[in-house]
Amino acid sequence: MIRITFPDGSLKEYNKGISSLEIAEQISPQLAKEVYAATVNGEVWDLTRPINGDATIRLHKWEDEAARHAFWHSSAHLMAEALESLYPGIKFGIGPAIENGFYYDVDPGDGKTITEADLAAVENKMKELAAKKLVYKRKEVSKKEAMDYFTKKGDDYKTELISELEDGTISLYTQGNFTDLCRGPHLPTTEPIKAIKLTSVAGAYWRGNENKKMLTRIYGITYPKQKMLDEYLVLLEEARKRDHRRIGKELELFTFSQKVGMGLPLWLPRGADIRQNLIDYLTSVLRKRGYKIVTTPHIGNVNLYKLSGHFEKYGTSSFRPMSTPQEGEQFMLKPMNCPHHCEIYNSTPHSYKELPLRMAEFGTVYRYEQSGELHGLTRVRSFTQDDAHHFCRPDQLREEFKSIIDLILYILRILNFNDYTAQISLRDPDNKEKYIGTDENWEKAERDIIVAAGEKNLETTVVPGEAAFYGPKLDFMVKDAIGRKWQLGTIQVDYNLPERFDLTYNGSDNQKHRPVMIHRTIFGSLERFVAVLIENSAGKFPLWLAPEKAVILPISEKFNDYALKVLEILNNSDICTLIDDRSEKIGKKIRDNELRRIPYLLIIGEKEAVSGTVAVRKQGEGDRGSMTVEDFANFIKAEIKKETAL
RNA sequence: GCCGAUGUAGCUCAGUUGGUCAGAGCAGCUGAUUUGUAAUCUGCAGGUCGGGGGUUCGAAUCCCUUCAUCGGCUCCA
C-alpha cells in the first residue's frame with residue numbers, strides 16, 4: 001500500500017502502482033471525466049502513469065493551467081499525426097502548448113507549402129483521428145533508441161533536439177501511428193478533444209534563429225466542448241473590435257500615410273488632444289514630485305552616440321547618420337534622450353546637496369524598426385517617450401528607485417490599468433559581450449533593482465538576457481486586446497553612462513564623485529500608451545482624457561439659438577463641447593454620438609430652453625435627468641478632479 | 001529583414017469558371033421633414049479594382065514584379 005496526500009491535507013491508502021486517473025475514478029466517476037493531468041510530488045504527470053510510492057497529489061481540471069497544457073500539448077500531437085498522414089515525409093520541429101492553444105513547427109519538405117486554405121482538411125483529419133479514442137502511450141527510452149528511431153524516420157530536427165538531451169531523461173509518446181519525442185504529460189486518450197480549430201499559419205525560424213531555416217508554424221486551439229470553442233471565437237472577435245488600429249480610424253485619432261512613410265504616425269486632432277491631456281497631466285504630477293522639465297533637439301552629433309555606446313550597438317540597424325555641407329560632420333536622429341540629458345547635467349558643476357536631480361522630457365525619438373515589426377501605434381519608427389533621468393548619489397539610489405515604482409503604480413492606478421505584470425530584466429550571463437560596463441557595476445545595479453522591488457513587495461518575474469545594453473531594468477507590461485504583452489513603464493539603473501560622460505558631483509568631502517543614473521518612463525511611449533489605452537477602454541476614454549467632454553443635441557432647429565448659448569458657456573468654462581445641429585431626429589443624433597463615445601450628451605428642447613437647463617445623458621448609461629448649465633459645468637469639473645486625484 | 005496571406009469608393013464589404021461587373025450599405029453632398037433619449041425620407045456624387053509590366057480579341061478576375069497592410073518569426077536602446 002502507498003499513502004497519497006491530497007491538497008486539503010487528507011490522506012488515503014491505495015495499492016501500489018495506482019494511477020491518478022484511477023484515484024479520481026474512486027473519488028467520483030464524474031471527476032475522472034473532468035481531470036486532464038495530475039501533479040504528483042510537485043511534477044505534472046500523465047493521469048495514467050502509475051504511482052509507486054507515497055506521494056502528494058493534485059488533480060487538474062480544466063481551470064488549471066496544467067490541465068489545459070496537457071490538453072493542448074496532446075492536441076499538438078494529434079495535429080502532427082493528421083499532418084503526417086496528409087503530408088507524408090513531413091518533418092517536425094517543436095510543438096508546445098501555449099497560453100491559448102498550441103502550435104507545431106513543421107517542415108513540409110522542399111517546394112511544399114501549407115497555407116491557411118489547407119487547414120480545414122487538417123482539422124477534419126484531426127477530428128477523425130480524435131474520434132478513434134487513440135491512447136497516448138509513454139515510453140522511456142535510451143538516447144540511442146530515440147536517436148535510431150528519428151534517424152530512421154529522417155526527422156533531422158528531432159535528432160538535433162535529442163543530441164542535446166541527456167541519456168536517461170528521454171521519453172517518447174505514441175498515439176495511433178504517430179510517435180513523438182516528448183517530455184509529456186499527455187491526456188490518456190484523444191477522446192476529450194472534441195472541438196478543434198486551427199487558427200493560423202505563420203513562418204517561424206527553427207530554434208528562433210534567423211540564420212536557420214524557416215519552418216511553417218501552425219497554430220490551433222481545442223476544447224472538450226464545442227460550446228467552449230464557440231465562446232473563445234466570440235471572445236477573439238470582441239477583442240478584434242477593440243483593436244486600436246480600428247478604433248483609431250473610427251474615432252479619428254490617428255492615421256498613417258505611405259507618402260509620409262511607414263511607421264510614422266500622424267496624430268489627428270482628437271488623438272492629439274488625448275495625447276496632450278496625458279502630457280499636461282503627467283507634467284503637473286512631475287512638477288509636484290520635484291522633476292525639472294527640459295527640452296532637447298531631435299538630432300545629435302554622431303560622436304555623442306559613439307560616446308554613449310548607442311552607435312556601436314545600433315548604428316548599422318538604425319537610421320543612418322546624416323551629413324552636412326561641412327566635411328566629416330555627421331548627425332543622427334536621436335534614438336534616445338539620455339545622452340542629451342547627460343550633457344545638460346554636465347553643463348554645470350553639481351554639489352551632493354542638489355542630488356537627486358530629476359530631469360524629464362517628452363522627447364520624440366526615432367528608431368528604424370524592421371518593416372515586418374511595425375504595428376499600429378504600438379511599434380513605430382517615431383515616438384515620444386515620457387522620459388526622465390534621475391541623477392543621484394549611490395546612497396540615494398534605492399530610495400529613488402522605490403519612489404519611481406510608487407509613481408508608476410500611482411499612474412497605472414489613475415488610468416485603471418490593474419492587469420499589469422512587472423519583470424526584472426537582467427544581463428545574459430552567457431553573453432556578456434552584448435553589454436557595456438564592468439561586471440562590478442552590473443552586479444551592483446542588478447542587486448539594487450532586485451532589492452528595491454523586493455522592498456516594495458512588487459510581484460516580479462526575473463528574466464535574464466532582457467536587460468538594456470547599459471543596465472538592468474524593471475519593466476511594467478500590460479496586455480493588448482489580443483493578449484500580446486507590451487512594455488510600458490521601465491526603470492533602469494545605470495552606472496555606465498555616468499562613466500562614459502564623466503558625470504561628477506562634489507561630495508561633502510570636496511572630492512569628485514560619480515553619480516548613478518536611473519532611466520525611467522511611465523507611459524513608455526505616448527504612442528504605445530494611447531494604443532493600449534484605446535484597447536483597454538474600447539475607445540471610451542475617461543472624461544479627463546476625452547477630446548470632447550460633451551455634445552449638445554438640440555431636439556430641433558428651433559432650439560439652436562439656446563444650444564449655441566449653452567455651447568458658448570461650456571467652452572468658455574474650458575469644457576470642450578460640440579454641437580450636433582443636423583436636421584436629424586433626436587434618436588439618430590443620440591445613436592451617432594454614442595458611437596463617437598462622447599462622454600456626455602446634452603439634449604435640449606422646449607423644456608430646457610425655458611428653464612435654462614440641459615438634459616444630461618451619460619455615454620453608455622442613458623438619461624441622467626436635467627440640471628442647469630452651470631451645475632453641469634461644475635459637475636464635469638468635479639468629475640475630472642475626482643478622476644485625476646487619487 | 002524572413003515565411004504566409006491580403007489589397008475593389010472615406011469606412012465595411014459583394015463581384016460565380018476572364019466576356020455590360022465596376023456594385024451595395026454606411027459616411028458625404030441635395031432637397032423635404034422640425035423631430036424628446038440608439039438609425040426619417042428623396043435625389044446626387046464617389047473608384048485608372050494598391051502601383052508597374054505581361055498573357056489574351058478581351059483582365060478587378062490569370063502570370064511576373066513592386067509597394068503597403070494583416071498574422072507570426074527575428075529584433076526592440
Classify the nucleic acid contact of [X] as base, sugar-phosphate or nothing, counting any heavy atom under 4.0 Å across all strands shown.
| X | result |
| --- | --- |
| Glu584(A) | base |
| Lys589(A) | nothing |
| Gly208(A) | sugar-phosphate |
| Ile603(A) | base |
| Glu116(A) | nothing |
| Gly587(A) | sugar-phosphate |
| Glu606(A) | base |

**Q.** Check: Thr296(A)/Glu361(A) side-chain N/O donor and acceptor closer than 3.5 Å
**A.** yes
Q | Stacking check Tyr314(A) vs rA77(B) (5.5 Å / 30 deg) | A |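 Check passed, Tyr314(A) stacks on base of rA77(B).
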From [options], nucleotide with atom closest to [X] side chain:
| X | options | result |
| --- | --- | --- |
| Ile586(A) | rA77(B), rC73(B), rU35(B) | rU35(B) |
| Ala615(A) | rG36(B), rA77(B), rA38(B) | rG36(B) |
| His375(A) | rG71(B), rA27(B), rC73(B) | rG71(B) |
| Pro335(A) | rG36(B), rA77(B), rU35(B) | rA77(B) |

Can you tell me how far [atom1] in [N] sits from the matching atom in [M], rounded to whole Å?
| N | M | atom1 | value |
| --- | --- | --- | --- |
| rC67(B) | rC26(B) | P | 38 Å |
| rU17(B) | rG58(B) | C1' | 16 Å |
| rA9(B) | rA45(B) | C1' | 11 Å |
| rG15(B) | rU6(B) | P | 14 Å |
| rC44(B) | rU30(B) | P | 15 Å |
| rG46(B) | rU55(B) | C1' | 32 Å |
| rG52(B) | rA14(B) | P | 24 Å |

Q) So, is Lys585(A) close to the rA39(B) phosphate, meaning a side-chain N or O under 4.0 Å from OP1 or OP2? A) no
**Q.** Phosphate OP1/OP2 of rA77(B): any Lys473(A) side-chain N/O under 4.0 Å
**A.**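 Checking rA77(B) against Lys473(A), a side-chain N or O does come within under 4.0 Å of OP1 or OP2.
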Interface polar pairs with nucleotides 45-52 of chain B, N/O, under 3.5 angstrom:
none

Q) What does rG25(B) pair with, Watson-Crick or G-U, if both distances are under 3.5 Å? A)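 rC11(B) is the nucleotide pairing with rG25(B).
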